[in-house]
Each structure stands twice: as C-alpha cells, then as structure tokens.
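Working notes, structure below.
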Protein chains: 2
Amino acid sequence: MMIPDFVDVKCSACPIRHRAVCARCDTEELLRLEKMKSYRTFPAGTEILWRGEPLDYVASVVSGVASLSKTMEDGRTQMVGLLLPSDFIGRPGRAKIEFDVTATTDVTLCCFARAPFEALVIDTPHVAQRLMELALDELDAARDWMLLLGRKTAREKIATFLDMLARRSQLITPKGAGTAPAAALHLPMTRDQIANYLGLTLETVSRQFSALKREGIIDVPDRRSVIVINIDLLQNATGDDADGGVVA
Amino acid sequence: MMIPDFVDVKCSACPIRHRAVCARCDTEELLRLEKMKSYRTFPAGTEILWRGEPLDYVASVVSGVASLSKTMEDGRTQMVGLLLPSDFIGRPGRAKIEFDVTATTDVTLCCFARAPFEALVIDTPHVAQRLMELALDELDAARDWMLLLGRKTAREKIATFLDMLARRSQLITPKGAGTAPAAALHLPMTRDQIANYLGLTLETVSRQFSALKREGIIDVPDRRSVIVINIDLLQNATGDDADGGVVA
DNA sequence: CCCAATCCTTGATACAGATCAAAACCATGA
DNA sequence: TCATGGTTTTGATCTGTATCAAGGATTGGG
C-alpha cells in the first residue's frame, strides 16, 4: 500500500496524529518513536515551561489547549501562539525557548526526550523536512497575527479569532436550507485569555461578543460556546481578503 | 585549519556573509553555490515579490534594506519583517509566500535559483540545519514583535525600534568619558514606513521622536539619522527586561 | 443548599493615539 | 535661483479602547 509523503502519523496509543512525523518513514523509525514516548498531563493554569528553562522534551499536544505567551516586567502579557491538539512543541537544535508555555485547559502531552528525538531527526531527513514545514507554518501564522495586532479593530480581531477557531476545529456544520452554514464552537479559554491573545482587554472582548450577538451574527448560549449564525457576515467583519484560507 | 560548525560563509564576491550556509560544508558545495549565483538590484520602492507569486529564487540581502508586509483589502498595511544585509529570503520546500517583499532602500540581492539550491540543501544536512535555525530565529523575532504590537505604548515601540537598530547595526560606539555609550544610527526608512513597522501612524512616530529628543535621550540631526545620547534611558523606555539580548 | 470565588457583562469616564489640517523643511532639477 | 513635490513637524480635534466601578451569572465546595 502506497503512503503519500508528509501525511502525518497516527500512532498506536494517541488519539491524534503527530504532525511532526511523516508517514514515509519506515516502521523502524516509528518503533523508535513508540519506545521513547511518554505522557504527561497538566491541569488548567499550570506552567508547562518557563521562559529560559532548559528544554529537555519535545511534545505533541494530545488533548486540551496550551498557549505560548510573553510577559513584560510590569505584568502586561501577550499570547504569541495557541497550541491545539496535534500541534508540536519544541525546537530542533535549541535548548531554550523565549516564552512561557501554559496549560490553558487541562492538557495532555505526548513527550519525547529531546536528545533521542533529535538523533532520530538527523537519521530521517523526511522528519527534518516536516519540522521545517511546521516552523514555516508557525511563522506564517505569527505574521498573520502581527497584522491583526497592529492594524485590526477590536471587532475585526474578534471576528478573525472566531473564524480561525471555526477553521481549525473544522466544525463548520451545514444547517437548514439557508445559504450560510452555521458552526458551533467551543471556546477553550476565558474572556481574559482571549483578550491576551488579541491584544485587547477582557471588557472589550465581552462588549464585542455582545455587539456581534445583538447583530445576529453569532449566538452565545453559554460562556464557553459560540454559535456562528451567519458565517459570511462574520468573515466580512474580519477585514481579510475573501480567500483568507491558505491553499496547501 | 579547523573551521567551527555554523560559522556563516563569506563568499568571494559578496561583501557580506551568507547566513544560510555553513562553513563546514566542503569546497565542493561552495563551488556549486558560486556557480548558481546571480545578482539583482532593485531601486527603493520596488516590489520584489508579490504575495502568492511563484517563488523561483532564494536570496541573501547584500546591501540595502527590504521589508516583508501584509496588506488588508482597504489598504491598511503592517510590516511583518525587516531584511537587513546578510538576511535570507526564501522558504525551503515552499513555492509561494504569504506576504509582499518590497525594496525599502535600493537593494542588491544575491540570488540562487530555487531548484538547484534545494538540491544542495538536500545533499548537505548542515545547510538544512542552518536554514531551520534561521527560520526559528525569525519566529522568535516575530513573537517579540507580537508583544510589541499588542501591548506596548507608542513610546515603548519607538524605543524598542531604535534599540533594535542599534543592536543589529552594532554601531554602539563608546564616546567621551561618560558611562553611557552613544550610538549613531542610520534610519533606513521614512517615518511612514517606521509607522507601518510599529503599528502606528507617521504623526505619532514623529511626535515620539520629538519627545525623546526633548528629553535629551536622542538627537535627530537629520531625517535619516538618530544619535542615541543615553542608551540606558532608551532601554528603560522599551519596557523589556534588562537582559533583552538573546544569548547565542 | 448556600457560600465563596471566579468569570462575565454593562455603564461611566479618561486618555492615547488616530485623524484632519496646515505649515515648515528638504532635495531635486530646470 | 527658484519652483516643485515629497517628507516631516506641529497643532486641534475626534474616537476607539482602556480604565474604573458595580452588579449579575456561573461554578465548585462544604
């Protein structure tokens, strides 16, 4: 059976695909991966890694959501990345990171000790190439976020955030006879954390949610849920080009 | 003679080091690089690459400054990266980019056709590793900039920008008997471009320059120059931790 | 079941930075 | 030398978001 290049690996025990590994690698490599695997769970709010700490593990997020953030001396913080299941934590060839990793919800990681993982990477160019691809994906995402942080209004930020969640969780469920599909989203974070992600305050986030609800674009049945009623209007509100999606 | 790993290559014709190449590679690879090299110059303001355009070349910046930027439908733009001499343009394994590359000043690039360059990368793991390092450096820089865009005040943004220029151009020249060294900086861009980089308007940039000058922290002898009179005060104004520098 | 803690919403007000406008500055070429 | 067009500075005003403040909703524990 022919397996295409760069399809990510579904390993035996984890309910997710490990995005850092490619399916063309031989069974031998997969076995090596299996052997060095270990699981760790962190309750919501836990610091998984501090800035500057030595980085002994790399990991895939198996369940839950973790976040990368940077903090200023006086306490202002900015989230610089969101890690959803299947995302990869770790930097090949680097012993330290320049930001904090925090469990936003309860998080389970599938960890690999860094040293043997890097040895594996050196042996298998496909994995190295896949890691490079992931790094470039992260870079593109970071740059999109820079546009959001630097130029978008509060309303556009919220719309972009909800649109991103809809895309990433792929929960866009067609519904009813109308042309606009609706999506039920689970918010993995509090208003305060959303604010930190978007460069806003929690009050502004709350007000924008209320405004979008008032206009009938979304519904907010409870604090952790959003129903996208009119996805076209939501996407109009993001300020992005129509073809916001990246064509792989 | 022993050459340490990952020292970047100074090639025969360019006045800079190509950061994408490592010195441990054999002469053979260097020769291959030499052969596929070509130079292109772009006058200030030229579009070097449009978003979505096929990416046939990778390149090093030899002289001048180029910028990466993203634009919204309605014209708002945000610079998402600055390319100074020795910086690398291009994405191994990717045929497209998600932003525009513009010549900020007159720019000369040392170009390599993408296909043979990638073949070289595949043959030489050290180069691949170096490219990964560069991508991770860019990612760290992007994340620092996200903190700046999302949370810093106009004054902190300007101070951070000047401090970054001072570090990158390494023009920190000790001067006089005082404890605070001074630095003469050349600004490679207009107020408008600085504003686009910092997520501000040109008027705000100008006002903050004036304010820092009034306070005796900098001097602005002409539109394209800044003299840092008190670098300690400048760094205090960035809002960053004292050890803002990344220890390599 | 109630209490405490946390999270969320809404209102009133303040302010940093955007926007609008005009004048000063500077480089370039005729 | 002067006109010309682009860039920068400065001023006046406006506005979106932060800040301050209070009350309401939700959750978990005893």
Side-chain angles (χ1 to χ4, degrees), chain A residues 43-46 65 72 74-78 104-106 148-162 185-215 218-226 237 239, chain B residues 43-45 72 74-78 104-106 148-162 185-215 218-226 237 239:
Chain A
T46 321
V65 177
M72 293 171 67
D74 64 358
R76 280 173 283 174
T77 90
Q78 174 65 52
T104 301
T105 63
D106 291 354
L148 176 143
L149 292 171
R151 293 298 180 201
K152 289 192 178 179
T153 65
R155 161 178 255 260
E156 288 166 340
K157 287 177 175 180
I158 295 288
T160 306
F161 173 68
L162 292 176
L185 300 176
H186 177 73
L187 301 179
M189 55 217 316
T190 65
R191 300 287 182 271
D192 188 44
Q193 289 166 327
I194 295 171
N196 278 340
Y197 194 28
L198 299 175
L200 298 169
T201 58
L202 73 165
E203 294 95 331
T204 300
V205 172
S206 180
R207 276 186 246 273
Q208 295 299 331
F209 270 73
S210 301
L212 289 173
K213 183 176 178 179
R214 215 176 305 123
E215 297 169 37
I218 63 171
D219 190 23
V220 188
D222 68 282
R223 20 181 87 182
R224 286 308 182 106
S225 305
V226 166
Chain B
M72 294 171 65
D74 64 0
R76 280 175 282 173
T77 89
Q78 175 64 52
T104 301
T105 64
D106 292 354
L148 176 143
L149 292 171
R151 293 300 181 201
K152 288 192 178 179
T153 64
R155 163 177 252 259
E156 288 167 339
K157 287 177 175 180
I158 295 288
T160 305
F161 174 68
L162 292 176
L185 300 176
H186 177 73
L187 301 179
M189 54 218 314
T190 65
R191 300 286 182 270
D192 188 44
Q193 290 167 327
I194 295 172
N196 278 341
Y197 195 27
L198 299 175
L200 297 170
T201 59
L202 73 166
E203 293 95 329
T204 300
V205 171
S206 179
R207 276 186 245 274
Q208 294 299 332
F209 270 75
S210 301
L212 290 173
K213 183 176 178 179
R214 215 177 304 122
E215 296 169 38
I218 63 172
D219 191 23
V220 188
D222 69 281
R223 22 182 86 183
R224 286 309 182 103
S225 304
V226 165

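Labels below follow one simple rule: chain letters A, B, ... track the order of the sequence lines, proteins then strands, and each chain is numbered from 1. Just the heavy atoms: all of them, side chains too, but no hydrogens, waters or symmetry mates, feed the values below.
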field: Euclidean distance, B/Arg76 CZ relative to A/Thr153 OG1, rounded to 0.5 Å
entry: 6.0 Å
Gap between atoms [atom1] and [atom2], on [X] and [N] respectively (whole Å):
X: A/Leu149; N: D/dT17; atom1: CG; atom2: P; value: 13 Å
X: A/Arg76; N: D/dT19; atom1: CZ; atom2: C1'; value: 14 Å
X: A/Glu203; N: C/dC7; atom1: CD; atom2: C1'; value: 12 Å
X: B/Asp192; N: C/dA18; atom1: CG; atom2: P; value: 12 Å
X: A/Asp222; N: D/dT26; atom1: CG; atom2: P; value: 9 Å
X: A/Lys213; N: C/dC8; atom1: NZ; atom2: P; value: 14 Å
X: B/Arg191; N: C/dG17; atom1: CZ; atom2: P; value: 18 Å
X: B/Glu156; N: C/dG17; atom1: CD; atom2: C1'; value: 14 Å

Of the nucleotides [options], which one has an atom closest to the side chain of [X]?
X: B/Thr204; options: C/dG17, D/dA18, D/dT8; answer: C/dG17
X: A/Thr190; options: D/dT8, C/dT9, C/dC7; answer: C/dC7
X: B/Arg223; options: C/dC8, D/dA18, C/dC25; answer: C/dC25
X: B/Leu200; options: C/dC8, C/dA18, D/dT8; answer: C/dA18
X: B/Ser210; options: C/dT10, D/dT10, C/dG17; answer: D/dT10

Is there a side-chain contact between [X] and [Y] (heavy atoms, below 4.5 Å)?
X: A/Lys157; Y: A/Thr204; value: no
X: A/Val226; Y: A/Phe209; value: yes
X: A/Thr77; Y: A/Met72; value: no

- prompt: Using a cut-off of 4.0 Å on non-hydrogen atoms, how would the nucleic acid contact of A/Gly199 be classed: base, sugar-phosphate, or nothing?
  reply: sugar-phosphate
message: Keeping B/Asp106 on the side-chain end and B/Ala44 on the backbone end, is there a donor-acceptor pair under 3.5 Å?
response: yes
field: Pair of N/O donor and acceptor under 3.5 Å linking D/dG11 base with B/Arg207 side chain
entry: yes
- request: Specify the residue among B/Val205 and A/Val205 whose closest nucleotide of DNA chain C lies further upstream toward the 5′ end.
  value: A/Val205
